[in-house]
Amino acid sequence: MSLAVEEVRLNLGHIELAAHLFGPEDGQPVIALHGWLDNANSFARLAPHLKGLRIVALDLAGHGHSGHRPPGVTYNLADYAYDIVQVAEQLGWQQFSLLGHSLGAIISVILAASLPERVTRLALIDGLMPMTGEADTMAERMGRALQAQAALADKRKPVYRDQSHAAEVRMRGVVAVSREAAQLLAQRGLMPVPGGYTWRSDSRLTLPSAIRLTREQALSFIDSVRCPTQLIVAAEGILAQNQTLLAGLPFSVSTLPGGHHLHLNEEEGARSVADCFNRFFATP
């Protein structure tokens, strides 16, 4: 499965990011952020169905065709948020909307809460807040993270004999996806190496977080969002398991059939998500 889309590279000074462009140049400006270990092809099915939007679907740092952080540096939510602000500066967008899935949705909420004057709308897919931790476990968590970072140098990425094999493994990943979704992610996420193919993504993305927000801190970002927000919850996804959290949200919430990648797994799911977001973005 191949895609003919417009590709750009954005040199932010501290890192270079790759992106796909969708929609009319005069459309509403939207930056699309994919999930952990995915890439810009996460929006390959959805973006063509979204109307009147100029979408810049990024490969986040360390993912897809984007650059990796310098040696000795890890991947933190604040750094992702800073990258997005710099992307907007490059594009000349003083105000913009964010479309985020999973990790991308978490980054979107954090950025919208932190710089409410910049973000005009949030369109979120089965993602909301980062995994949280208890204050009294912070030192232990930091220790485990430092040990894991030191041990990473001795680990090697798996090599797959061909792209089809890699896609099959991705289908059975931590969050399972359909065959076509896995093929789309593999198409952009793999690179040739001796013996076959491996993932382009930075191995440091798999390291445990050295610091986690407490639940109170994470909820404070949700409470600080000021722009109109539409959250789509996958009926068989991650957020559906936390009905208590969903019931208290100050956002519009819609539950649609499907798993965590409902916008990518099947064409029908992508159209359902698009219908919801088209109504949202069309609202004055």
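Quick note: numbers below take in every heavy atom, side chains included, and nothing from hydrogens, waters or symmetry partners. Residue numbers run from 1 in the order of the sequence given.
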[X] side chain to [Y] backbone, donor-acceptor under 3.5 Å:
X	Y	result
Thr206	Ser203	yes
Asn41	Leu184	yes
Arg118	Trp93	yes
Gln149	Leu207	no
Arg45	Leu264	yes
Arg204	Val73	yes
Gln230	Leu122	no
Asn265	Val177	no
Asn76	Asp79	no
Asp59	Asn39	no

Could you tell me which non-hydrogen atom of [X] sits nearest to which non-hydrogen atom of [Y], and how far apart they are?
X	Y	result
Ile15	Ala61	CD1-CB, 3.6 Å
Met129	Ala218	CE-CB, 3.6 Å
Val30	Leu98	CG1-C, 4.5 Å
Gln95	Pro29	O-CG, 3.6 Å
Ala235	Ala240	O-CB, 3.6 Å

Regarding [X] and [Y], do their side chains bring together a donor and an acceptor under 3.5 Å, going by distance alone?
X	Y	value
Thr214	Thr132	no
Asp202	Tyr75	yes
Glu16	Ser66	no
His20	Glu6	no

Review point. So, is the end of the Arg188 side chain (NZ or CZ) under 6.0 Å from the ring centre of Phe43 and within 45° of the ring's axis?
Key: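 The answer is no, since Arg188 fails at least one limit relative to Phe43.
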Practice item. Kindly confirm or rule out a cation-pi arrangement of Arg121 over Phe280, judged by NZ or CZ under 6.0 Å from the six-membered ring centre and within 45° of its axis? Key: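 Geometry flag: set, cation within 6.0 Å and 45°.
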Practice item. Please step through side chain to side chain donor-acceptor pair (under 3.5 Å) for the pair Asp126 and His260, ending with a clear verdict. Key: CA-CA 6 Å; Asp126 215 43; His260 186 55; 2.6 Å; yes
Quick check on [X]: does its [atom1] atom have over 12 non-hydrogen neighbours (other residues, nucleotides or ligands) under 6.0 Å away?
X	atom1	value
Glu117	CD	yes
Ile211	CD1	no
Glu268	CD	no
Lys51	NZ	no
Glu134	CD	no
Arg9	CZ	yes

Check your understanding: Is Tyr80 linked to Leu91 within one hydrophobic cluster, defined over Ile, Leu, Val, Met, Phe, Trp and Tyr using a side-chain heavy-atom separation of less than 4.5 Å?
Key ->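 Cluster IDs for Tyr80 and Leu91 match.
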To the closest 0.5 Å, what do you measure between [atom1] ([X]) and [atom2] ([Y])?
X	Y	atom1	atom2	answer
Ile222	Leu245	CD1	CG	5.5 Å
Ile55	Leu53	CD1	CG	5.0 Å
Leu219	Ser224	CG	OG	10.5 Å
Leu99	Ile125	CG	CD1	5.0 Å

Test item: [X] and [Y] side chains (from C-beta on) under 4.5 Å apart, heavy atoms:
X	Y	value
Leu205	Trp36	yes
Phe22	Leu50	no
Leu213	Pro130	yes

Exercise for review: Please determine which of His263, His261, His63 meets the ring-ring contact (aromatic ring centres under 6.0 Å, His included) test together with His34.
Suggested key: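 For His34, the ring-ring contact (aromatic ring centres under 6.0 Å, His included) check succeeds only for His63.
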Practice item. Apply the side-chain contact (heavy atoms from CB on, under 4.5 Å) test between Leu17 and each candidate in Val56, Ile84, Leu12; give the one that qualifies. Key: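 Single pass found, and it is Leu12.
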Exercise for review: Check Leu77, Leu231, Leu128, Thr229 against Val109 for a side-chain contact (heavy atoms from CB on, under 4.5 Å) and give me the one that passes.
Suggested key: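 Exactly one pass, corresponding to Leu128.
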Check your understanding: So, Arg271 and Glu266, do they make that salt bridge, N to O below 4.0 Å?
Key ->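 Answer for the salt bridge query: no.
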Review point. Between Arg69 and Asp83, is there a side-chain N and carboxylate O pair less than 4.0 Å apart?
Key: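 Counted as a salt bridge, because a side-chain N and a carboxylate O are separated by less than 4.0 Å.
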Review point. Stepwise, does the salt bridge (charged side-chain N to carboxylate O under 4.0 Å, His left out) test hold for Asp38 with Arg170?
Key: CA-CA 10 Å; Asp38 289 345; Arg170 179 63 185 87; 3.1 Å; yes
Check your understanding: Relative to the ring of Trp199, is the ring of Tyr160 parallel (under 30°), tilted (30 to 60°) or perpendicular (over 60°)?
Key ->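 Because their plane-to-plane angle is over 60°, the rings of Tyr160 and Trp199 count as perpendicular.
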